[in-house]
Amino acid sequence: MDALKELLDVTRTMKIVKYKENPILSAADVPYESVQTYNAGITKYRGRYVMAFRNDYNRKKEDFEKGYKPAKINIGLAFSDDGIKWHVERKPCFELKTDDILYAYDPRLTVIDDRCYMCFAVGTLHGVRAGIAVTDDFSKFEILSMSVPDNRNMVLFPEKINGKFIRLERPFPVYGRREKEAFDIWISDSPDAAYWGNHKLLLGAESVAFSNSKIGPAAPPVKTAKGWLTTFHAVYKVERELYAWHKDWHKVYFGGLMLLDLEDPSKIIGICKYPILAPELPYELVGMRGEVIFPGGMILEDSGEVKIYYGSADTVECLATADVDDLIKACLE
Ligand code: BMA
C-alpha cells in the first residue's frame, strides 16, 4: 500500500487536468429512462464528436440493499461540436437482447477508413463476449464478430497495419492463474475485422505496479510521432470497504498509459510507471461503485491537446485533458 501511495504522489504532480465542470454526461441529460450513463466510447466522425455511452436503467440505489442488482442496459448516442457539451439523441442507438444475450455494454468507438467501428461487451447466459460492429450512421449497425466467452474491453487501432485490423482485448482465463482475477491485455489481428488470429500477450497484469489484480484495454489507441499512445485500466484490490450502492466493493480502478511501436504494436516502447488518472474527486469516489476510473475514449487534437474520457464511479462520464508530449514523456521516463 505504501508503494501505491508513492505512485499516487507522482500522479498528483502530472499535468493532467480534470474538467472543472465534470461530469460531462449524467442520467439527467438523457431524455429516456436512465439511472447511470458511463463507460462511453468517443471519437470524431465526419466533423463531429460522437459518443456512444452505456445507459443503465430500470434499477435504483435502494434496490441494492440486499446485494448487487443487475440493470437493463442500452447504448445511448450523443453528439457535440466541442467534445465538452453534449446533446443526447432522442432514443438509444443500440441494444442486444435474445434468449441468451442479456445486453451489450461498455462501447468503444474507432474510425477506420471513414467507417465507425464499435466494440462492446456482451452479457450472456453463457459468459461475457466481446463484439465488433460497424456503422456509417449510428442507426444501422452490422455485427462483424462476436468472441467466445470470456472476453471484453476490446478496442481497435484507428488504422490497418500491414493491411490488417489490429485489436487489443482482455480474455479472462481462470485455470492456472496465480489468483482469481489475474487478467492481462492481449493483441490480435484480422484481415476483415470478422476473423481474428495471431493472438499474443501484450501486457501481463504483474508488470503494472498499481495493479494487484486485473488490467484491461481502455480507450482505443491514438497515433503519435513516437508510437501508439494507449490507455488501460488497472485494478487494485483493497481491504477497506469502498463506497458502493451494494456491499463488498473492494476494487479501485486506475487509468494507466503506455506507448506501442508504430509498425509492430505488439512491442511496448514504454509504460508510465504510475497511474495517469486516480479516483480522488467526489464524483469519482461516490457512485454505484466508488473509486472507479474507466477510460473509454481518447482524442488527439491538432493543437496537441489530448482529451481523455472516462466513466467515473460506474455512474457518470467525465473528461480530463493533457498535452500529448507530456503523456509520451511519462511513458518513456
Ligand atoms: C469492470 C466492468 C466495467 C465496470 C468496472 C468497474 O469489470 O464491469 O463495466 O465499469 O468493472 O465496476
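Counting convention: from 1, in listed order, for ligands and their atoms alike. Only a predicted model underlies this, so the values are computations on that prediction, with no experimental measurement involved.
Ring geometry, Trp249 versus Tyr253: the interplanar angle falls under 30°, so the pair is classed parallel (tilted spans 30 to 60°).
Using a 4.0 Å heavy-atom criterion, the residues that approach ligand 1 are Asn39, Arg54, Asp106, Arg152, Lys214, Trp249, Tyr253, Arg289, Val292, Phe294, Asp314.
Inter-residue side-chain proximity for Ile308 and Ile276 is flagged as met; some heavy-atom pair is nearer than 4.5 Å.
Ionic pairing of Asp184 and Lys214 is not present here: no N-O contact between side-chain nitrogen and carboxylate oxygen is shorter than 4.0 angstrom.
Judged as a side chain to side chain donor-acceptor pair (under 3.5 Å), the pairs with a partner in residues 116-130 (not counting sequence neighbours) are, in order, Asp100-His126. Applying the ring-ring contact (aromatic ring centres under 6.0 Å, His included) test to every pair with at least one member in residues 180-222, sequence neighbours left out, gives these pairs: Phe172-Phe183. Pairs of residues two or more places apart, or lying in two chains, that qualify as ring-ring contact (aromatic ring centres under 6.0 Å, His included) and include a residue from residues 30-60 are Tyr45-Phe138.
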